[in-house]
Amino acid sequence: MSKAQENNNVLEHIIFIKDNLPNKQKQLCDYILQNHQDIEMFTVKELARNANVGTTTVLRLVKTLGYDSFFDLKKQFHEIQRDYSDKWENVQASFGGNDEDKDYKTLSNVWQEGVQLLNKSLNPQLFENFRDAMDLIANAERINLLGLRPYKAVAIYLELLIEEFHSNTRQLSYDSESMFERILQFKENEVMIVFGFSPYPQRTIDAASVAYKQGIPIVLITDYLSCPISAFSKVILKVETGERYFTIMPIIALVEAIVVELGKRNSKTSIQQITNLVETLKEKKVIVD
């Protein structure tokens, strides 16, 4: 049995090997990762044309992945999609068009796109990977967080929520100059949560690479499986991002799900810690009823 066939998911196998392949095969892998829902519908020629590679590149990748024919590879993608369909039978909500003359069109459109992205992001693959990610996060002695550019705010938000009941977090997003020095001090029982969204900051990629070489498991939150940080990641949590409007609704929903699940897994201590915090804040007049 080939390595690809032993792997539960050909997508994971592609992520694992693609950066060590020749440029054209890597280009094809990136295309497949971004369009994997449609691969079972393509012929060899159609896939080659869409990915802007030659048919020989497609056939070479098929062999590299351990399949006897392109048909066998397509069957694997068909199985993935069928598995997702079997597990996820609810049809995504559909939305009608907006009247151009109505007030609040921008609010309505942004809200509508956010809901669509939330529904599209919530799929069986995210469910399965979320469970694996939470196993890593909940059992880690320290949780390290990294998000640059607009996603620094999301990393800080996650830190603030976790810190209410879990004091062992380390924020790497504030000072990228000392980031590598701090990563080199990571210990084996730590985990790193990285927000990596296109266009990908080089410092985020480099930081993930250093942590990977340290043997630190990385939970990557991203918009594409072809993200260059994927190869360094233990678990990938993929969410959809807006095409018409910039929105981080799915990312925020995922962050809050992580916090809720972490709180549940540490309920014996987290509830008491939050209760103590609230009582102290009331006593010091920081908050009022």
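As a basis for the values below, the full set of heavy atoms in this structure was taken, side chains included, without hydrogen atoms, waters or symmetry mates.
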Please answer: with hydrophobic residues joined when any side-chain heavy atoms are less than 4.5 Å apart, are Leu146 and Ile156 in the same cluster? no
Sidechain-backbone polar pair: Gln214 side chain, Leu184 backbone, donor-acceptor under 3.5 Å: yes
Distance in Å, Leu220 CG paired with Cys227 SG, rounded so as to fall on 0.5 Å steps: 5.0 Å
Counting only N and O atoms by type, is there a donor-acceptor contact under 3.5 Å from the side chain of Ser230 to the main-chain atoms of Ser226? no
Of the non-hydrogen atoms in Asp19 and Ala231, which two are nearest, and what is the gap between them? OD2-CB, 3.2 Å
Nearest heavy-atom pair of Cys29 and Leu21: which atoms, and what distance? SG-CD1, 3.7 Å
salt_bridge(Glu79, Lys75) N-O dist < 4.0 Å: no
OG1 on Thr241 to NZ on Lys120, rounded to 0.5 Å: 9.0 Å
Applying salt bridge (charged side-chain N to carboxylate O under 4.0 Å, His left out) to Asp135 and Arg131, what does each step give before you reach the verdict? CA-CA 6 Å; Asp135 288 343; Arg131 180 192 59 223; 5.3 Å; no
Determine whether the side chains of Gln202 and Asp206 contain a donor N or O and an acceptor N or O closer than 3.5 Å. yes
Side-chain heavy-atom pair Leu47, Phe70 within 4.5 angstrom cut-off: yes
Flag side-chain contact, heavy atom, 4.5 Å: Phe180 against Arg203: yes
For the side chain of Asn144 and the backbone of Val191, is there at least one donor-acceptor N/O pair under 3.5 Å apart? yes
ring-ring contact (aromatic ring centres under 6.0 Å, His included): which pairs involve residues 204-236, sequence neighbours left out? Tyr212-Phe232
Assess whether atom CZ of Phe246 is packed by more than 12 heavy atoms of other residues, nucleotides or ligands within 6.0 Å. yes
Which pair of non-hydrogen atoms, one from Ala155 and one from Gly147, has the smallest distance, and what is that distance? CB-N, 3.8 Å
Check whether any side-chain heavy atom of Asp38 sits under 4.5 Å from a side-chain heavy atom of Phe77, and report yes or no. no
Is it the case that over 12 heavy atoms from other parts of the model lie below 6.0 angstrom from the CD atom of Gln185? yes
Show your reasoning for whether side-chain contact (heavy atoms from CB on, under 4.5 Å) applies to Gln76 and Leu65. CA-CA 11 Å; Gln76 182 68 40; Leu65 293 174; over 6 Å; no
Would you say the side-chain atoms of Lys74 pair up with the backbone N or O of Phe42, donor to acceptor, closer than 3.5 Å? yes
Hey, is OH on Tyr174 packed in by over 12 heavy atoms from elsewhere, all under 6.0 Å? yes
Can you find a heavy atom in the side chain of Ile14 that is under 4.5 Å from one in the side chain of Leu61? no
Report the C-alpha distance between Lys18 and Leu33 in whole Å, list the side-chain angles of each, state the deciding distance to 0.1 Å, and finish with yes or no for side-chain contact (heavy atoms from CB on, under 4.5 Å). CA-CA 10 Å; Lys18 73 182 184 74; Leu33 290 173; 3.8 Å; yes
With no hydrogens and no angle check, is any side-chain donor or acceptor of Gln25 less than 3.5 Å from a backbone partner on Pro22? no
Out of Glu159, Arg182, Lys152, which residue meets the side chain to side chain donor-acceptor pair (under 3.5 Å) rule with Gln171? Glu159
Asn23 atom CG, neighbour heavy-atom count above 12 within 6.0 Å: no
Measuring from Leu117:CG to Leu122:CG, what's the distance to the nearest 0.5 Å? 12.5 Å
List the steps and the verdict of side-chain contact (heavy atoms from CB on, under 4.5 Å) for Asn123 and Leu126. CA-CA 5 Å; Asn123 57 51; Leu126 183 62; 3.7 Å; yes
Can you tell if the side chain of Gln125 reaches within under 4.5 Å of the side chain of Glu128, non-hydrogen atoms only? no
Can you name the closest pair of heavy atoms from Met249 and Val115 and give their distance? SD-N, 4.4 Å
Where do Ile193 and Leu158 come nearest, in terms of heavy atoms and distance? CD1-CD2, 4.1 Å
Are the side chain of Asn168 and the backbone of Glu141 linked by a donor-acceptor contact shorter than 3.5 Å? yes
Please answer whether the main-chain N or O of Lys187 pairs with a side-chain N or O of Glu190 as donor and acceptor at a distance below 3.5 Å. yes
Does Gln27 reach the main-chain N or O of Ala51 with its side chain, forming a donor-acceptor pair under 3.5 Å? yes
Testing the basics here: between Leu262 and Ala138, what is the closest heavy-atom pair and its distance to 0.1 Å? CD1-CA, 3.7 Å
As a test of understanding, state which of Val235, Ile258, Ile162, Asp132 forms a side-chain contact (heavy atoms from CB on, under 4.5 Å) with Ile137. Ile258
Check: Thr55 side chain, Lys45 main-chain N or O, donor-acceptor pair, under 3.5 Å: no
Answer yes or no: does atom NZ of Lys24 have more than 12 heavy-atom neighbours from other residues, nucleotides or ligands under 6.0 Å? yes
Any non-hydrogen side-chain atom of Tyr151 less than 4.5 Å from a side-chain atom of Ile221? no
With a 4.5 Å cut-off on side-chain heavy-atom distances among I, L, V, M, F, W and Y, is there a chain of contacts connecting Val53 to Val10? yes
Does Asp223 reach the main-chain N or O of Phe197 with its side chain, forming a donor-acceptor pair under 3.5 Å? no
Distance check, rounded to the nearest 0.5 Å: Glu240 atom CD versus Thr247 atom OG1? 12.0 Å
Do Phe195 and Ile248 have side chains that get closer than 4.5 Å, going by heavy atoms? no
Output, in order, the C-alpha distance, side-chain angles, deciding distance and verdict of side-chain contact (heavy atoms from CB on, under 4.5 Å) for Leu118 and Ser121. CA-CA 5 Å; Leu118 283 166; Ser121 297; 5.9 Å; no
Does a side-chain heavy-atom distance below 4.5 Å link Ile39 with Leu73? no
Hey, could you give me the CD1/CD distance between Ile143 and Glu163, rounded to the nearest 0.5 Å? 9.0 Å
Separation between CE of Met179 and CG of Leu148, rounded to the nearest 0.5 Å: 6.0 Å
Are Val260 and Val239 joined in one hydrophobic group, where the rule is that I, L, V, M, F, W and Y side chains link up if heavy atoms are under 4.5 Å apart? no
